[in-house]
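See structure below.
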Protein chains: 2
Amino acid sequence: MLNYSTSEENYIKAIFHLQKQDGTVTTNELANELKTKPASVTDMMKKLKAKKLLNYQPYQGFRLNNDGTKVALGIIRRHRLWEYFLAEKLKFTWDEVHEVAEDLEHVSNKKLIDKLDEFLGFPRTDPHGDPIPDANGKIEISRKICITELPLHTVAIVSSVSDQSSEILELLEHKKITIGTKVEVKKKFDFDKSMEIRIGRQPVFTISDRLAQNIFVQSN
Amino acid sequence: MLNYSTSEENYIKAIFHLQKQDGTVTTNELANELKTKPASVTDMMKKLKAKKLLNYQPYQGFRLNNDGTKVALGIIRRHRLWEYFLAEKLKFTWDEVHEVAEDLEHVSNKKLIDKLDEFLGFPRTDPHGDPIPDANGKIEISRKICITELPLHTVAIVSSVSDQSSEILELLEHKKITIGTKVEVKKKFDFDKSMEIRIGRQPVFTISDRLAQNIFVQSN
DNA sequence: TATTTAATTTAGATTTATCTAAACCTATTT
DNA sequence: AAATAGGTTTAGATAAATCTAAATTAAATA
Ligand SMILES: [Mn+2]
Ligand SMILES: [Mn+2]
Ligand SMILES: [Mn+2]
Ligand SMILES: [Mn+2]
């Protein structure tokens, strides 16, 4: 396995997260995700294409190929194992781990990561509930859906939350929404797409669509 | 505290290790240590001088100032804490830890390192026997001397060994020379500066000057 | 189908870190 | 004091990653 620069790895991982099922990722989407400029994205896409990690034709968007996906899963494995370590061993709160893991994930020594995995007891999910790929890059497919797609009056369990910004995580913590929380949608409003939800036996309260988009549940 | 690039940090740390007591470090010495070219060193010295981390006048060598020393001690703290973690928690052998720590040391998140320190139980030395600076940059001054300076027939304890290359560490392991080993110099040869030493009650054997230079002992 | 708009790419700069080769100092030796 | 040899610095290139502004293309609209 070759080694990739921190910058290349950040692009590869971002593409992996953005490409859903069969669709392609656009230049602007990726630039927005990485807080960079479209011109920089185009440069990097040419480079990653030359390294045979993705399919890319000018103006047609891009998508990781098999090799690129393997690389992405390696980065995600490192990221999530470090997140687990930070939360479980170093007692970081779960909204702090992502930022630190964003750097640690780029130390790519296979032995280090496999020994870390063993030391942690081969955890299956990170502190946000996302599955951790194993040493061969195999990852559990999770049956999670966004809470916005959950039918009314159906109790589900929060299985993961977006980890993209610590602002969101701070809000979730304040609302006492965390992994494992039992939640039920009581009402949805078309006007602003906000929804009223209930956690356990607490009073019903409202969350914005923006927040709901970042909460994922396991319906069974 | 500002942040420095990986490259800047590697230069700063190398200068710290090369500058003994009151002397200055030369361009060639540093280029040799970092396996780079003298021209690259000169470029970086200008940069680090501009950042007020060292004293440097063209052709006169250089030396870290107070601020530079503080930065160096921070890097060394990270390096040695990770080495301890790798050896103690992940069960790396002590000749494998340096290389990995060389990368991990550049993840400079103060909270991460202070929590790691706490998790490890505030270790005082790394797996090579070198002291670990505390969160304030304070470091124990060790009374260690090189085995080449140890008087004949004086039993001493190996307190640290060079960790610069895994080749040396491999050799030391083969010879069963490790931290805590009791050692005594039986004879020194002027011709090639080799020496005969005895470990515990084993038969006397010879080590080269090149190797001896990398073995440090605590004479009492 | 022609036009307009929005997304994307290209062109040209900038910054950081590196190198080689040439020029330049400093110290030692004649 | 002049010559020489080492060590050091400068000059000029290169590669990676980024940017702004201009040019181009594709898609939507008239
Ligand atoms: Mn994360
Ligand atoms: Mn990252
Ligand atoms: Mn080390
Ligand atoms: Mn390093």
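By convention in this document, chain letters (A, B, ...) are assigned in the order of the sequence lines, proteins followed by strands, and residues within each chain are numbered from 1. It should be emphasised that the depicted structure is a prediction, and the values quoted were computed from it without experimental measurement. Just so you know, these numbers use all the heavy atoms, side chains as well, and skip hydrogens, waters and symmetry mates.
When rounded to the nearest whole Å, the span between NZ of B:K49 and C1' of D:dT9 equals 14 Å. Note: CD (B:Q57) to C1' (D:dG7) measures 17 Å, nearest angstrom. A straight line from CG of B:N32 to P of D:dT8 spans 11 Å, rounded to a whole angstrom. Going from atom CD of A:E29 over to atom C1' of C:dA6 covers 15 Å, rounded to whole Å. As rounded to whole Å, 9 Å separates atom C1' of D:dA16 from atom CD of A:E8.
Checked against the 6.0 Å centroid criterion, the rings of A:F92 and A:F85 do not qualify as a close aromatic pair.
Between D:dG7 and B:T26, no contact under 4.0 Å exists linking OP1 or OP2 to a side-chain N or O. A sub-4.0 Å separation between OP1 or OP2 of C:dT8 and a side-chain N or O of A:N28 is present. Dashed line: the shortest gap from a side-chain N or O of B:K46 to OP1 or OP2 of D:dT10 is under 4.0 Å. In terms of phosphate contacts, A:S5 brings no side-chain nitrogen or oxygen within less than 4.0 Å of OP1 or OP2 of D:dA16. Taking only side-chain nitrogens and oxygens, B:Y11 comes nearer than 4.0 Å to OP1 or OP2 of C:dT18. OP1 or OP2 of C:dT9 sits under 4.0 Å from a side-chain N or O of A:T27.
The side chain of B:Y56 lies closest to D:dT9, out of C:dT8, D:dT8, D:dT9. Comparing C:dT8, D:dT18, C:dC24 by their closest approach to the side chain of B:Y59 singles out C:dC24.
Note on A:F62: nothing from the nucleic acid sits closer than 4.0 angstrom, heavy atoms only.
Across residues 37-44 of chain B, B:K37, B:A39, B:S40, B:D43 each have a non-hydrogen atom less than 4.0 Å from an atom of DNA chain C (numbered order).
Residues B:K144 and B:E149 are not paired through a salt bridge, judged by the lack of any N-O separation under 4.0 Å between the basic side chain and the carboxylate. Salt-bridge formation is not detected for the pair B:D134/B:R77: no Lys NZ or Arg NE/NH1/NH2 atom is positioned less than 4.0 Å from an Asp or Glu carboxylate oxygen.
Side-chain atoms of A:K188 come within 3.5 Å of backbone atoms of A:T148 as a donor-acceptor pair (strictly under, hydrogens ignored).
Residue pairs satisfying the side-chain hydrogen bond (donor to acceptor under 3.5 Å, both in side chains) criterion with at least one member in residues 50-67 of chain A, sequence neighbours excluded, are listed as follows: A:E8-A:K51, A:K49-A:Q57.
Each of B:K13, B:R80, B:R78 was scored for a salt bridge (charged side-chain N to carboxylate O under 4.0 Å, His left out) with B:E102, with one residue passing: B:K13.
With sequence neighbours left out, the side chain to side chain contact (heavy atoms under 4.5 Å, CB included) criterion links A:R124 to A:E140.
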